[in-house]
A.B. asks: 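Once you've had a glance at the structure underneath, I'll fire off some questions.
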Amino acid sequence: MAPLRGAKRRRKAAAEKKAAMAAAAAAGGAPGAGGGDWWDGFCMRMSGARRSLCLSAVVVAAVRLGTLSCMEDAQRFESIFKMPRRTFNYICGLVKDEMMVRSSSYTFLDGKVLSLEDRVAVALIRLNSGGSLVTVGSAVGVNHSTVSLITWRFVEAMEERASHHLRWPDSSEMEKIKSMFEKIHGLPNCCGVIDTTHITMCLSSAEPNCKVWLDHEKNYSMVLQAVISPDMRFMDIVTGWPGSMKESSILHSSGLFKMCEKGARLNGSKLAVSDGTEIGEYIIGDAGYPLLPWLLTPYQENNLSDSKIEFNKRHAAAITVAPRTLASFKETWKFLHGEMWRPDKHRLPRIIHVCCMLHNIIIGLQDATMDEANMWNDHDANYKQQVCQLADENAVMVRDKLSEHLVSR
C-alpha cells in the first residue's frame, strides 16, 4: 500500500500545482507571462538590493512593502514604472520579438536569465528614474553594462514596433481634436499647440570650445519641438537641434513647416465667417513663433480692441496644454534631465522620440495618472520667453477675422 499512498501524494501535489498555475494564469500571473510570479520575484530582487537603491524615495518605500491589497500592489507597480500593469503588459507585447532575439544573453548577477518582463522593467526604470547605469544595475541585481545594453535594445525595439503611436492624426481624428479645442476653449478649427522644451546636457570634453549647444540661458541643451493635442498627446515632434537655435529657426527647419507650407498638412475643412471669408485649419503657438496663416500667435501690441483681447484670452487658455504636457513628460522620464548626457546628435534624439511614444501609449490606453502638481511645473524653468516679430500679411488678416468671429457669435 505504501507505493499507492506515494502515488496519491504525487497526484495530489501535481493537481495542486496545476490548479495554482491555472489560477495564476486566470489572474494574468502565469510564470514568464508577465504575471504575479514575475512581479513578486522582481520586487524581492529590488528589496534585496534596496541598500544600494537610490532611484527615489517612492521606489524605496514601494519595494519595502510586505503583503498588499490589490489596490496597494497596483499603486506600488505604478510608483516604480509610472504606468499601470496593463500598459506595461501591452509594451511587453509590442517589443517581445526584438527584446528576446538573444534570449539567454542577459542574466542577473546570480546567473538567472532575464525574462521579457525583467528586460522591459530594467529599461523603463533606467528611463523614468534618471539613475545611473550603476545605480539601476545595483537596484535590480544586474551588471551596469547589462542595463546599458538592455535599454538601448528597448529603444530600438520601440522604434521598430511603436511608431504608430506617434503620428499626425487622420482627417476623422483631426475633426475630434478640433471639436475638443472649440468645446473647451472656444477656438474653432484649431488643430494643436506647438511648443519647445530644452533637454539639458553636459559639455562634451571632446569639444570644450563648441558653443553650438549653448542656449540663450547659458545651458548646454538639445531642443524638442512638439505639436500637442488637447488631451496631451504628441502629434508631431522634431528633436536633435542644438539649444542655441531659436524656436522660429527650428520651426523653419522642420518637416512640419515644409508640409504645412505646401498644403500637405492642416488642409482639412475650413471655417466660414460672417463676411464669407474662410479660415483654414491652424495650430497655435506662443510669441516665440512667427505669425503664419496656419500658426496663430497672440497679439503683442498695447491698447487692444475687445475682439483682440478675447482672442488672446482664449489663446492663452488653450495654449496651457503644451507646458503642462511637457512638464509631465519631463517629470516622468527623468532620464532626459540631462546630467549624464554629452551632446550626442545620434542617440539622444532617438531616446527622446521613444519617450514621446511611451507618453502617448500611456495616454492612449487611458491609464495616465498625471500628478496635477507636476503638470503645472515649468518645463523650462529659468528660461525667458523668446519673442519673434515675423508676421505674414495673410496671417494678420486670418487672425483678425478669427478674432472678430469669436466676439460676433
Side-chain angles (χ1 to χ4, degrees), residues 42 46 53-56 58-59 62-63 77-85 87-96 98-99 106 114 116-140 142-163 165-166 197 199-202 222 224 226 234 237 239-240 325-342 344 346-365 367-371 374 379:
F42 195 79
M46 294 185 75
L53 182 62
C54 301
L55 303 183
S56 72
V58 174
V59 175
V63 298
F77 191 95
E78 291 185 32
S79 72
I80 295 174
F81 297 110
K82 313 304 181 191
M83 64 184 68
R85 183 60 179 273
T87 305
F88 178 90
N89 290 343
Y90 173 77
I91 292 170
C92 287
L94 274 181
V95 301
K96 179 180 178 180
E98 283 73 16
M99 292 294 287
Y106 307 120
L114 275 74
L116 168 65
E117 292 79 10
D118 292 327
R119 299 176 191 203
V120 173
V122 167
L124 289 176
I125 291 174
R126 168 76 164 141
L127 294 176
N128 66 39
S129 72
S132 68
L133 294 172
V134 173
T135 298
V136 175
S138 298
V140 298
V142 299
N143 189 279
H144 72 277
S145 61
T146 301
V147 176
S148 178
L149 292 169
I150 287 176
T151 302
W152 188 243
R153 189 69 188 126
F154 177 76
V155 168
E156 294 176 323
M158 286 291 294
E159 289 179 319
E160 180 70 22
R161 296 294 181 177
S163 60
H165 284 286
L166 206 171
T197 193
I199 309 299
T200 56
M201 303 183 296
C202 299
M222 181 178 287
L224 164 65
F234 293 112
I237 69 162
T239 190
T325 299
L326 292 171
S328 175
F329 171 73
K330 292 172 79 171
E331 179 64 24
T332 299
W333 308 107
K334 291 186 173 66
F335 185 81
L336 302 178
H337 286 195
E339 288 83 355
M340 65 191 72
W341 273 105
R342 304 295 179 185
D344 186 336
H346 301 295
R347 283 204 169 192
L348 182 53
R350 295 173 67 181
I351 294 172
I352 294 171
H353 184 210
V354 166
C355 289
C356 288
M357 288 191 286
L358 289 167
H359 171 94
N360 279 4
I361 288 172
I362 296 171
I363 297 289
L365 293 179
D367 280 330
T369 53
M370 302 293 185
D371 186 332
N374 289 332
H379 64 92

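Because only heavy atoms are used, hydrogens play no part in the values below, and waters and symmetry mates are left out as well, while side chains stay in.
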A.B. asks: Less than 4.5 Å apart, side chain to side chain, heavy atoms only: is that true for M46 and I80?
C.D. replies: yes
A.B. asks: If I compare all heavy atoms of M201 with all of M222, which pair ends up nearest, and what's the gap?
C.D. replies: CE-N, 3.8 Å
A.B. asks: First locate atom NE2 of H359, then atom CG of L166, and finally report the distance between them rounded to the nearest 0.5 Å.
C.D. replies: 9.5 Å
A.B. asks: Could you state the interatomic distance from CD1 (I237) to NE2 (H353), rounded to the nearest 0.5 Å?
C.D. replies: 4.5 Å
A.B. asks: Taking the side chain as every heavy atom from C-beta outward, state whether L133 and T151 have any atom pair closer than 4.5 Å.
C.D. replies: no
A.B. asks: Which distance, rounded to the nearest 0.5 Å, do you find between the OG1 of T87 and the CG of L365?
C.D. replies: 4.5 Å
A.B. asks: Return the minimal non-hydrogen interatomic distance between V136 and R126, and the atom names on each side.
C.D. replies: CG2-CA, 4.1 Å
A.B. asks: Quick one: closest heavy-atom pair of P349 and G240, and the distance?
C.D. replies: CG-CA, 3.8 Å
A.B. asks: Answer yes or no: is there a donor N or O on one side and an acceptor on the other, between the side chain of H337 and the main chain of K330, under 3.5 Å?
C.D. replies: yes
A.B. asks: Name all residues meeting the side chain to side chain donor-acceptor pair (under 3.5 Å) criterion together with H165; count only those two or more places apart in sequence or in a different chain, and write none if there are none.
C.D. replies: Y90
A.B. asks: Shortest non-hydrogen contact from C92 to L116?
C.D. replies: O-CD2, 3.6 Å
A.B. asks: Please list, chain by chain and in numerical order, all residues satisfying ring pair (Phe, Tyr, Trp, His ring centres under 6.0 Å) with F154, sequence neighbours excluded.
C.D. replies: none
A.B. asks: Would you mind reporting whether L224 and F329 have side-chain heavy atoms less than 4.5 Å apart?
C.D. replies: yes
A.B. asks: List for me each residue that meets side-chain contact (heavy atoms from CB on, under 4.5 Å) alongside A121, sequence neighbours excluded, and say none if there are none.
C.D. replies: W38, F42, F81, F88
A.B. asks: Could you state the interatomic distance from OG (S328) to CD1 (I363), rounded to the nearest 0.5 Å?
C.D. replies: 7.0 Å
A.B. asks: Quick one, I91 and M83 - any side-chain contact, counting heavy atoms below 4.5 Å?
C.D. replies: yes
A.B. asks: Side chain to side chain donor-acceptor pair (under 3.5 Å) with N128: which residues, sequence neighbours excluded?
C.D. replies: none
A.B. asks: Roughly how far apart are S129 OG and K82 NZ, rounded to 0.5 Å?
C.D. replies: 8.5 Å
A.B. asks: Report the residues that fulfil salt bridge (charged side-chain N to carboxylate O under 4.0 Å, His left out) with R153, sequence neighbours left out, ordered by chain and then residue number.
C.D. replies: E156
A.B. asks: Are L358 and L124 packed together at the side-chain level, in the sense that at least one heavy-atom pair is separated by less than 4.5 angstrom?
C.D. replies: yes
A.B. asks: Are the side chains of Y106 and M99 in touch, meaning some heavy atoms are under 4.5 Å apart?
C.D. replies: no
A.B. asks: Output side-chain donor-acceptor pairs under 3.5 Å for residues 142-149, partner residues at least two apart or in another chain, one line each.
C.D. replies:
| residue | atom | partner | partner atom | Å |
| --- | --- | --- | --- | --- |
| N143 | OD1 | S145 | N | 2.8 |
| N143 | OD1 | S145 | OG | 2.6 |

A.B. asks: Might you point out which heavy atoms bring W333 and C355 nearest each other, and give the distance in Å?
C.D. replies: NE1-O, 3.6 Å
A.B. asks: In Å and rounded to the nearest 0.5 Å, what is the CD1 to CG distance from I199 to L348?
C.D. replies: 7.0 Å
A.B. asks: Where is the tightest heavy-atom contact between L114 and R119, given as atom of each residue plus distance?
C.D. replies: O-NE, 3.0 Å
